[in-house]
Protein chains: 2
Amino acid sequence: MSQGASVVPFEVDASCVAYATGERAKACTVREVLDRVGGKWSIGIIVEASQAPVRFTELERTVEGISRRMLTLTLRNLERDGLLTRTVYPTVPPKVEYRATPMALELYDTLVALTGWADRHRETIAAARDEYDREHGAAVA
Amino acid sequence: MSQGASVVPFEVDASCVAYATGERAKACTVREVLDRVGGKWSIGIIVEASQAPVRFTELERTVEGISRRMLTLTLRNLERDGLLTRTVYPTVPPKVEYRATPMALELYDTLVALTGWADRHRETIAAARDEYDREHGAAVA
DNA sequence: CAGGATCCTGGCTGATACTG
DNA sequence: CAGTATCAGCCAGGATCCTG
């Protein structure tokens, strides 16, 4: 985190540059990737599927608030992007297991760091929000 | 985005639990925090503002693709949550500087890790996506 | 059990125009 | 320069009903 540089266009690493410039053509943009991961339910699902293989209904209960539709959609997208594998067991009551791919597992630590950060600062953020609302007209929901 | 509390079967750490259970009441949910950070433009702005103080127009040029409106809105939200400070210099051409707060700076490394991961795997993801589309009837958008 | 299909809404978002 | 205001569109997301 260099802050000394005064002129500093950006001394960021390649990934951030690619992110900022929206450099495409090659493959997915960093933004495209982040959009997928940053989806409302993706993180929760990836985290769950990183612990152990999970079944559809399991996720439906674990990831609170998700609708069946969104679970299906998110699952499909994550599978499409190679972040989850979907295994169907042709048993009589169908059984489908989702598990994180190595690529997704590699992301796990970062996600834990992210949720950890969020967790550590929630109160501070809530406080900041309250104060901001108090100073400025309030009511911003 | 309303959620109820419940039980989490897995042995995740506290942050993930808080995330999964959507435990509120205290402060912001982990999800609420992540929603803010996970916004379409937040990461880019935080990353920029973590390098050095940035001005409005600077961000407008650096964060490619953002509209003036969204820049303003995202900036306001980030400021409200205490992730950015806004400094107004009452000069004749107005000058406003945004800089990341310590809390946001703490997040910087994680964000770099995240964008780094995204960058490293963009091609893999694009490939997985292509293959998925080829196997399944294509057109899943 | 694990989806698929459909309908519908609200919020995020972009485009455009105006201002201190 | 650094915003604010307004209008309109898209689509993520929810609710509901149906199936292999």
Side-chain angles (χ1 to χ4, degrees), chain A residues 22 31-32 34-45 48-49 53-81 84-99 136-137 139-141, chain B residues 1-4 22 29 31-32 34-45 48-49 53-81 84-99 132 136-137 139-141:
Chain A
R31 155 150 307 131
E32 289 181 293
L34 290 183
D35 278 349
R36 169 98 339 131
V37 174
K40 191 174 180 184
W41 309 106
S42 301
I43 295 184
I45 292 177
E48 291 301 326
V54 271
R55 303 183 56 178
F56 188 88
T57 311
E58 234 173 317
L59 285 170
E60 203 174 359
R61 279 172 303 143
T62 312
V63 184
E64 291 271 321
I66 195 170
S67 66
R68 188 159 293 179
R69 174 187 142 85
M70 286 318 295
L71 179 54
T72 302
L73 283 180
T74 309
L75 246 21
R76 284 292 167 281
N77 280 326
L78 291 176
E79 186 198 354
R80 187 163 97 106
D81 287 359
L84 292 183
T85 59
R86 178 172 178 269
T87 313
V88 182
Y89 299 89
T91 56
V92 175
K95 176 181 176 183
V96 180
E97 271 188 357
Y98 295 91
R99 71 184 63 195
H136 308 64
V140 184
Chain B
M1 175 180 35
S2 53
Q3 306 179 248
T29 308
R31 155 149 307 131
E32 288 181 294
L34 290 182
D35 278 349
R36 169 98 340 130
V37 174
K40 192 174 180 182
W41 308 106
S42 302
I43 294 184
I45 293 177
E48 291 302 325
V54 272
R55 302 183 56 178
F56 188 88
T57 312
E58 235 173 317
L59 285 170
E60 203 173 1
R61 280 171 304 142
T62 312
V63 183
E64 295 266 324
I66 195 170
S67 66
R68 187 160 293 179
R69 174 186 146 83
M70 285 319 295
L71 180 54
T72 303
L73 284 180
T74 310
L75 246 22
R76 286 290 168 281
N77 280 325
L78 291 175
E79 186 199 353
R80 186 163 97 106
D81 287 359
L84 293 183
T85 60
R86 179 171 177 270
T87 312
V88 182
Y89 299 90
T91 56
V92 174
K95 176 180 174 181
V96 180
E97 273 187 356
Y98 295 91
R99 72 183 65 196
Y132 184 94
H136 309 61
V140 183

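All values below were derived from every heavy atom in this structure, side-chain atoms included, with hydrogens, water molecules and symmetry-related copies excluded.
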With side chains defined as the heavy atoms from C-beta onward, is the minimum distance between B:Y132 and A:R76 less than 4.5 Å?
yes
Between A:P93 and B:L73, just flag the one whose closest nucleotide in DNA chain C comes earlier from the 5' side.
A:P93
For A:D35 and D:dC10, give me the distance from atom CG to atom C1', rounded to whole Å.
15 Å
Filtered N/O pairs between nucleotides 5-8 of chain D and protein, under 3.5 Å:
none

With respect to the phosphate group of D:dC1, does any side-chain polar atom (N or O) of B:Y98 fall under 4.0 Å of OP1 or OP2?
no
How many Å lie between CG on A:N77 and P on D:dG13, as a whole number?
10 Å
To the nearest angstrom, the CZ-P distance between B:R86 and D:dC1 comes to 16 Å
Heavy atoms only, 4.0 Å cut-off, all strands: where does B:T57 land among base, sugar-phosphate and nothing?
sugar-phosphate
Rounded to whole Å, the CG-P distance (B:L84 to D:dA2) equals 15 Å
Please report, rounded to the nearest Å, how far the P atom of D:dC1 is from the CG atom of B:L59.
14 Å
Heavy-atom side-chain proximity of A:T74 to A:V63 below 4.5 angstrom:
no
Chain B reaches DNA chain C, atoms under 4.0 Å from its heavy atoms, from C:dT13 to C:dG20
Are the side chain of B:T72 and the backbone N or O of B:R68 linked by a donor-acceptor pair below 3.5 Å?
yes
Can you find a pair of side-chain heavy atoms, one from A:R86 and one from A:L84, that are under 4.5 Å apart?
no
Using the closest heavy atom to pick a nucleotide of DNA chain D for each, name whichever of B:R76 or A:P94 lands nearer the 5' end.
B:R76
State, yes or no, whether a side-chain contact exists between A:T62 and A:V54 at a heavy-atom distance under 4.5 Å.
no
Whole-Å distance between D:dA2 C1' and B:Y89 OH?
15 Å
Between B:S67 and A:F56, name the one whose nearest nucleotide on DNA chain C is closer to the 5' end.
A:F56
Heavy-atom check, side chain of A:L78 versus side chain of A:I45, under 4.5 Å
yes
Output the rounded distance in Å from CZ (A:R36) to P (D:dC11).
14 Å
At under 4.0 Å between heavy atoms, what does B:R55 touch on the DNA or RNA strands: base, sugar-phosphate, or nothing?
sugar-phosphate
Which residues satisfy the side-chain contact (heavy atoms from CB on, under 4.5 Å) test with A:R69, sequence neighbours excluded?
A:S67, A:L73
Rounded to the nearest 0.5 Å, what separates atom CG in B:N77 from atom CG in B:D35?
11.5 Å
Heavy-atom pair with the smallest gap, counting every atom of B:P93 and B:T91
O-OG1, 2.6 Å
Calculate the interatomic distance between B:E60 atom CD and D:dG3 atom P; express it in whole Å.
10 Å
